[in-house]
Amino acid sequence: MASGWGINGNKGRCYDFWLDFSECMSRCRQPSDCGLLREDYLECLHHSKEFQRRNRIYKEEQRQIRAAARKAKEEAEGAPAVSAHH
């Protein structure tokens, strides 16, 4: 990846992120100054934030499906539905 060559012989998908990070590291006083660029490069390589977000979305969707099924079951059994009083 850092060589600039991708798997098909073209420029690697993360090469631009690597260049930015590498340039920052060569110019900075503290490595922590390049933390955001490092984070961008690692996200490009591993997609960990993307996967975490997808997992949170999936879990929320499943929670909503279970809640809807539970509500439908309660209504089918004749349990009084919770209503708002005005």
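Numbers here simply count residues along the sequence, with the first being 1.
- For the pair R38 and F21, the tightest heavy-atom approach, listed with the atom from each and the gap, is CB-CE1, 3.4 Å.
- We find the NZ-CH2 distance between K11 and W18 to be 15.5 Å, quoted to the nearest 0.5 Å.
- Taking the side chain as every heavy atom from C-beta outward, K73 and E77 approach each other to under 4.5 Å.
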Please report, to 0.1 Å, the donor-acceptor pairs under 3.5 Å made by any side chain of residues 56-65, with sequence neighbours excluded.
from : atom 1 : to  : atom 2 : distance (Å)
E60  : OE1    : R63 : NE     : 3.1
E60  : OE2    : R63 : NE     : 3.4
E60  : OE2    : R63 : NH2    : 2.6
E60  : OE2    : Q64 : NE2    : 2.9

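- Among all heavy-atom pairs drawn from M25 and C34, the shortest one is N-SG, 3.5 Å.
- C44 has its SG atom within less than 2.5 Å of the SG atom of C14.
- The distance from atom OH of Y41 to atom CG of D16, rounded to the nearest 0.5 Å, is 11.5 Å.
- Salt-bridge check for R70 with E74: failed, with every basic side-chain N at 4.0 Å or more from each acidic carboxylate O.
- No more than 12 heavy atoms of other residues, nucleotides or ligands shown are found within 6.0 angstrom of CG on L36.
- Considering every non-hydrogen atom in both F17 and D40, the closest pair reads CD2-CB, 3.8 Å.
- Of all the heavy atoms in D20 and L37, the pair that sits closest is O-CD1, 3.7 Å.
- When all heavy atoms of R13 and L45 are compared, the pair lying nearest together is NH2-O, 3.1 Å.
- With sequence neighbours left out, E23 forms a salt bridge (Lys or Arg N to Asp or Glu O under 4.0 Å) with no residue at all.
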